[in-house]
Q: 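Structure provided below as structure tokens; questions to follow.
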Amino acid sequence: MAPQSIDPGRLRVRFALEEWASAPDGRGGFTDMWTHVAHVWGMVASSRATDPLRAGAGEQVTERTIVLRADPRVRPAMGLVAGSDRFVIQTVHDEDMGGRHLRCIATSEVSQ
């Protein structure tokens, strides 16, 4: 199946691209946190709910397809934040190998 053409005008959501990093906590240990890398433009293309089994209990996870303007810094395990929505990138794929857009599969991160 041929990749769909993407209208660049539809990439209207400004995502904060973040990576998980460790920083010294000042007491000899480290604190893990999300740190800002860049802002990227994109759109949420589609979503679906899955029910993976984790630790013997079902947990609903929302999986989203997010299309971004290509950026070489985007890679799996990074976070995307738009407003109050936070996503963790699972896969990154340059669908048409043109270097213009990246199709990412991401899961919604639920804060506890």
Side-chain angles (χ1 to χ4, degrees):
M1 174 162 56
Q4 296 177 357
S5 177
I6 297 168
D7 175 10
R10 294 186 59 193
L11 304 179
R12 291 180 242 173
V13 178
R14 186 176 187 212
F15 290 99
L17 179 65
E18 299 178 336
E19 66 183 347
W20 192 248
S22 294
D25 65 4
R27 296 180 302 238
F30 291 90
T31 300
D32 293 329
M33 65 182 136
W34 288 106
T35 57
H36 179 80
V37 174
H39 283 102
V40 292
W41 290 95
M43 70 176 186
V44 178
S46 63
S47 66
R48 71 183 186 109
T50 60
D51 289 318
L53 191 62
R54 294 188 181 153
E59 176 182 321
Q60 186 171 4
V61 174
T62 303
E63 187 177 89
R64 309 233 186 245
T65 300
I66 299 174
V67 178
L68 300 174
R69 186 173 306 282
D71 188 312
R73 297 171 287 194
V74 177
R75 60 185 183 278
M78 294 185 92
L80 290 170
V81 180
S84 63
D85 297 326
R86 177 179 291 276
F87 307 98
V88 177
I89 300 172
Q90 304 299 315
T91 63
V92 178
H93 181 65
D94 180 1
E95 196 170 51
D96 65 357
M97 295 189 300
R100 295 184 309 259
H101 303 102
L102 299 174
R103 187 169 299 271
C104 304
I105 302 299
T107 53
S108 292
E109 183 178 88
V110 179
S111 51
Q112 303 277 343

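Positions are given from 1, in the same order as the sequence printed here.
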Q: Would you please name every residue forming a side-chain hydrogen bond (donor to acceptor under 3.5 Å, both in side chains) with H39, sequence neighbours left out?
A: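 Here the qualifying residues are R14.
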Q: Could you go through R73 and E19, starting from their C-alpha distance and side-chain angles, then the distance that decides it, and tell me whether this counts as salt bridge (Lys or Arg N to Asp or Glu O under 4.0 Å)?
A: CA-CA 10 Å; R73 297 171 287 194; E19 66 183 347; over 6 Å; no
Q: Atom NE2 of H101 and atom CH2 of W41: how far apart are they, to the nearest 0.5 Å?
A: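 Between atom NE2 of H101 and atom CH2 of W41 there are 14.0 Å.
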Q: Which distance, rounded to the nearest 0.5 Å, do you find between the CD of E63 and the CD of Q90?
A: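 With rounding to 0.5 Å, CD (E63) is 7.5 Å from CD (Q90).
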Q: State which residue, out of L11, L102, V13, fulfils the side chain to side chain contact (heavy atoms under 4.5 Å, CB included) condition with V67.
A: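 Exactly one option meets the side chain to side chain contact (heavy atoms under 4.5 Å, CB included) with V67, and it is L11.
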Q: Check for me, please, whether V44 and L17 land in the same ILVMFWY cluster - side-chain distances under 4.5 Å, paths through other members count.
A: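 Hydrophobic grouping puts V44 with L17.
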Q: Checking L80 against V74 for the side chain to side chain contact (heavy atoms under 4.5 Å, CB included) test, could you report, in this order, the C-alpha distance in whole Å, the side-chain angles of both residues, the deciding distance, and whether it holds?
A: CA-CA 10 Å; L80 290 170; V74 177; 6.0 Å; no
Q: Return the CD1 to CE distance between I89 and M78, rounded to the nearest 0.5 Å.
A: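 The CD1 atom of I89 sits 7.0 Å away from the CE atom of M78.
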Q: Would you name the heavy atoms of A70 and G99 that are closest together and state the gap between them?
A: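 Smallest interatomic distance, heavy atoms only, reads CB-O, 3.2 Å.
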Q: For R10, give me all partners under side-chain hydrogen bond (donor to acceptor under 3.5 Å, both in side chains), at least two apart in sequence or on another chain.
A: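 So R10 forms no side-chain hydrogen bond (donor to acceptor under 3.5 Å, both in side chains) with any residue.
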Q: Salt bridge (Lys or Arg N to Asp or Glu O under 4.0 Å) with R69: which residues, sequence neighbours excluded?
A: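 R69 satisfies salt bridge (Lys or Arg N to Asp or Glu O under 4.0 Å) with no residue once adjacent residues are dropped.
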Q: Apply side-chain hydrogen bond (donor to acceptor under 3.5 Å, both in side chains) to D85 and list each qualifying residue two or more places apart in sequence or on a separate chain.
A: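 Result, side-chain hydrogen bond (donor to acceptor under 3.5 Å, both in side chains) vs D85: none returned.
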Q: So does H93 get a backbone contact from the side chain of E95, meaning a donor-acceptor N/O pair under 3.5 Å?
A: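 It does not hold such a pair.
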Q: Sequence neighbours excluded, which residues qualify as side-chain hydrogen bond (donor to acceptor under 3.5 Å, both in side chains) partners of S22?
A: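 S22 satisfies side-chain hydrogen bond (donor to acceptor under 3.5 Å, both in side chains) with D32 once adjacent residues are dropped.
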Q: Taking salt bridge (Lys or Arg N to Asp or Glu O under 4.0 Å) as the definition, give me every residue that meets it alongside D94, ordered by chain and number, with sequence neighbours left out.
A: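 Partners of D94 under the salt bridge (Lys or Arg N to Asp or Glu O under 4.0 Å) test: none.
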Q: When F87 is tested against each of V81, I66, T107 for side chain to side chain contact (heavy atoms under 4.5 Å, CB included), which residue passes?
A: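 Option passing the side chain to side chain contact (heavy atoms under 4.5 Å, CB included) with F87: I66.
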Q: Quick one: pull up CH2 in W34 and CH2 in W20 and give me the separation to the nearest 0.5 Å.
A: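 If we round to the nearest 0.5 Å, W34:CH2 and W20:CH2 are 6.5 Å apart.
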Q: Same hydrophobic cluster for I105 and V88, using side-chain heavy-atom links shorter than 4.5 Å among ILVMFWY?
A: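 Cluster IDs for I105 and V88 differ.
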